[in-house]
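What follows is one structure encoded as structure tokens, with my remarks underneath.
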Protein chains: 2
Amino acid sequence: MKSRTTCCRELERWLEPATFKALGEPSRAALLMLLAGTPGPRTVGELAAELPIDLSVVSRHLKVLKDVGVVTAERSGKEVRYRLACGDLVHMLRNLADALESCCPTGITELEAGR
Amino acid sequence: MKSRTTCCRELERWLEPATFKALGEPSRAALLMLLAGTPGPRTVGELAAELPIDLSVVSRHLKVLKDVGVVTAERSGKEVRYRLACGDLVHMLRNLADALESCCPTGITELEAGR
DNA sequence: TATATATTTGCACCATGGTGCATTTATGCA
DNA sequence: TGCATAAATGCACCATGGTGCAAATATATA
């Protein structure tokens with residue numbers, strides 16, 4: 001098990017507020033699920049067609065997700081194809097879980113969780 | 001590997017916007033790190049003493065974290081001891097990571113991550 | 001160049017929410 | 001009961017940000 005000071009550095013590294021704020025907005029969470037729901041990239045128009053919000057708003061949400069590295073964008077002619085950065089996201093979540101687990105004394109944790 | 005429809009249900013289950021919104025606020029992220037940084041519970045006053053915000057604000061932030069299950073509260077005399085629900089949080093993060101991984105075709109994912 | 005389509009950006013509106021101060025509530029003790 | 005301490009709540013202020021519409025930009029094609 002890592003030391004407590006080490007786990008705190010790890011926590012600070014992976015608990016990026018901007019990323020969680022990006023994922024914490026319902027419309028953006030819906031976008032993420034749409035992107036995860038089908039293989040391959042999707043255009044802004046395709047995504048907007050499946051949500052009850054304006055295309056321009058979808059474009060802005062995708063920019064937010066791109067800025068925190070949750071999605072990647074690639075222009076293809078007139079369209080821009082957005083793709084979920086699945087590997088990076090999974091990597092972040094697992095590292096954060098590991099960091100938290102390093103911090104929390106397992107015994108107490110299990111007790112608290114009531115299992 | 002789970003089917004795509006299954007992974008979407010799992011995603012919807014674990015990608016709770018309220019939880020991520022709670023973690024996406026810098027002051028609350030700081031609270032989480034303080035709670036993870038030392039073993040055992042902390043009182044509102046102790047936590048407020050380590051942050052540049054008013055005690056009342058800390059109290060409110062802790063309520064938000066409690067409402068989404070990130071921390072637990074236990075009154076002990078005049079004090080209220082807040083504790084990180086570490087096990088639940090780790091559980092949620094790992095399940096979310098698994099759901100995402102089930103959705104994303106691994107080959108494409110690895111390519112995107114540039115590894 | 002002119003036109004059409006896809007996306008982004010400027011703008012204004014408005015809801016949400018983070019903040020501090022003052023007050024209230026909860027608890028323990030004399 | 002009265003007083004002191006810890007925490008929560010009411011309130012007002014203000015910054016942030018989600019939203020739609022219109023205009024601007026990017027790209028392909030005639």
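Proteins get letters first, then strands, A, B, ... in listed order; numbering begins at 1 in each. Small disclaimer: the values here were computed from a predicted structure and weren't measured.
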Before you tell me yes or no, could you show the steps for B:Tyr82 and B:Thr72 under side-chain contact (heavy atoms from CB on, under 4.5 Å), namely the whole-Å CA-CA distance, both residues' side-chain angles and the distance that decides it to 0.1 Å? CA-CA 6 Å; B:Tyr82 282 88; B:Thr72 59; over 6 Å; no
Could you walk me through whether B:Arg94 and A:Arg94 pass the side-chain contact (heavy atoms from CB on, under 4.5 Å) check? CA-CA 6 Å; B:Arg94 296 226 165 100; A:Arg94 295 225 165 102; 5.7 Å; no
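Of the residues in residues 19-30 of chain A, A:Lys21, A:Glu25, A:Ser27, A:Arg28 come within less than 4.0 Å of DNA chain D through at least one heavy atom, sorted by number.
B:Gly45 and B:Leu55 make their closest contact through CA-CD1, 3.8 Å (heavy atoms, listed as atom of the first residue, atom of the second, distance). Closest approach of B:Ala36 and A:Cys103 over heavy atoms only: O-CB, 3.4 Å.
Atom CZ of A:Arg42 and atom C1' of C:dT7 are 17 Å apart (whole Å). Rounded to whole Å, the distance from CD on B:Glu79 to P on D:dA8 is 11 Å. Atom-to-atom, NZ of A:Lys63 to P of D:dT19 comes out at 17 Å; the value is rounded to the nearest Å. Taking atom NE2 of A:His61 as the reference point, atom P of C:dT8 lies 13 Å away to the nearest angstrom. Taking atom CD of B:Glu46 as the reference point, atom P of D:dT5 lies 17 Å away to the nearest angstrom. Rounded to an integer number of Å, the gap from CD of B:Glu74 to P of C:dT27 is 14 Å. One interatomic measurement links the two molecules: CG of B:Leu47 to P of D:dA7, which rounds to 9 Å at whole-angstrom precision. Rounded to an integer number of Å, the gap from B:Leu62 CG to C:dG17 C1' is 16 Å.
Judged as a salt bridge (Lys or Arg N to Asp or Glu O under 4.0 Å), the pairs with a partner in residues 48-62 of chain A (not counting sequence neighbours) are, in order, A:Arg42-A:Glu50.
For A:Arg75, there are no salt bridge (Lys or Arg N to Asp or Glu O under 4.0 Å) partners at least two apart in sequence or on another chain.
Remark: SG of B:Cys104 is found under 2.5 Å from SG of A:Cys86.
OP1 or OP2 of D:dA8 has at least one side-chain nitrogen or oxygen of B:Tyr82 nearer than 4.0 Å. Residue A:Thr43 has a polar side-chain atom (N or O) positioned under 4.0 Å from OP1 or OP2 of C:dT7.
Here OG1 of B:Thr43 is found 6.5 Å from CG of B:Leu47. Values are rounded to the nearest 0.5 Å.
Between A:Glu46 and A:Arg81, no side-chain nitrogen of the basic residue sits less than 4.0 Å from a carboxylate oxygen of the acidic one, so the salt-bridge criterion is not met.
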Across nucleotides 20-30 of chain D, 5' to 3', mark each nucleotide with B, S or - according to how protein heavy atoms within less than 4.0 Å reach it. BB-----BS--
Give the table of side-chain donor-acceptor pairs shorter than 3.5 Å for residues 13-26 of chain B, with sequence neighbours excluded, one pair per line with atom names and distance.
| residue | atom | partner | partner atom | Å |
| --- | --- | --- | --- | --- |
| B:Trp14 | NE1 | B:Glu10 | OE1 | 3.3 |
| B:Glu25 | OE1 | B:Ser27 | N | 2.9 |
| B:Glu25 | OE1 | B:Arg28 | N | 3.2 |

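A:Ser102 places a side-chain N or O within 3.5 Å of a backbone atom of A:Asp98 that can act as its donor or acceptor partner.
Bending across the helix from C:dT1-D:dA30 to C:dA30-D:dT1, expressed as the angle between its end axes from five pairs apiece, amounts to 20° (10° rounding).
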